[in-house]
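Here is the structure we will look at.
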Amino acid sequence: MVFDLHSHSTASDGSLSPQALVDRARQQGVKQLAITDHDSVDGVLALQHSPVDIGLIAGVELSCVWGKVLIHIVGLNIDPRAEVMARGLQQQQQARQQRACVIGQKLEKLGFSGAAEGARQLAGDSQLGRPHFARFLVEQGYVASENEAFKKYLGAGKAGDVKLMWPALHTVVSWIVDAGGVAVLAHPLHYRMTATKLRALITDFRQAGGLAVEVINGRQSADKTRTLGDLARRFDLLASLGSDFHRPGAPWSELGMMGDLPRDCVPVWSAWE
Ligand code: MN
Ligand code: MN
Ligand code: MN
């Protein structure tokens, strides 16, 4: 059984439509795929009535804060139509819109007129975010590349680096639990915390009702896998794994291309199988 329990479609910042994502997953030998778009279940819902010849697990990746740190929590095997999830996702959407407004205002103040409207048009039906502002700046000739746009105006510490008012960790975990799913702490080593702080985070996450930790996220060193596997065991958490696939051509995150979970970990799918 090849599980890939972390992937993105055009419902968030992925480049493949939900159907194309499933097709590619099948080609890559994935048997069970979770679509976990940022703050959206639209990709999951889009496939609910189409014939799909691999196992699909309804998922989501929710942004939240723990203290001042932005954390991602993946929800697996949720009911994508649960009322509590719909309300939560609506709230996340509003937070994103507000943030885009503030970024737009800041860029306009810097002299980039039409930034707010331009980015909104570029986003179309997809989630409006900093990449759209970057593209706007490139297309208007203000910068040579999206990379430069992030370096000068959108990246950490720059005008467009607007911190959102995301909900607290325990709030998004409760949405997942109430929607019948399993809450997974995504990519624990991406937050660049000290080991002590990470243990405190995991303790709070467990208290909030979190059940699993992502032991494998894309292609990573055996060292990382061991560290995270140990952490899962120490805190008596289930272990998840996923590619965090966004688009073809990124060799560190191809669908289904990951190492195996350490043998002494309890896989997260034991919670619903
Ligand atoms: Mn993403
Ligand atoms: Mn993430
Ligand atoms: Mn992700």
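Whatever order the structure lists ligands and atoms in, that order sets their numbers, starting from 1. In this chain, numbering begins with 1 at the start of the sequence shown.
Taking the six-membered ring for Trp and the full ring otherwise, the centers of His72 and His190 sit at least 6.0 Å from each other. The aromatic ring centres of Phe112 and Tyr153 sit less than 6.0 Å apart.
Using cut-offs of 30° and 60° for the angle between ring planes, the His8 and His246 rings count as parallel.
Taking the Mn ion (ligand 1) as reference, the nearest N/O/S atom within Asp13 carries the name OD2. His8 contributes NE2 as its N, O or S atom closest to the Mn ion (ligand 3).
Within the structure, salt bridge (Lys or Arg N to Asp or Glu O under 4.0 Å) pairs that include any residue of residues 78-93 comprise Glu83-Arg87 (at least two apart or interchain).
A donor atom on one side chain and an acceptor atom on the other are found under 3.5 Å apart for Ser243 and Asp4.
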Carefully, step by step, assess Lys158 and Asp161 under the rule salt bridge (Lys or Arg N to Asp or Glu O under 4.0 Å).
-> CA-CA 5 Å; Lys158 302 300 175 188; Asp161 178 25; over 6 Å; no
May I have the step-by-step check of salt bridge (Lys or Arg N to Asp or Glu O under 4.0 Å) for Arg120 and Glu117, ending in yes or no?
-> CA-CA 5 Å; Arg120 198 166 298 127; Glu117 189 44 40; 3.2 Å; yes
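Within the protein, the N, O or S atoms sitting under 2.8 Å from the Mn ion (ligand 2) are Glu61 OE2, His72 ND1, His187 NE2.
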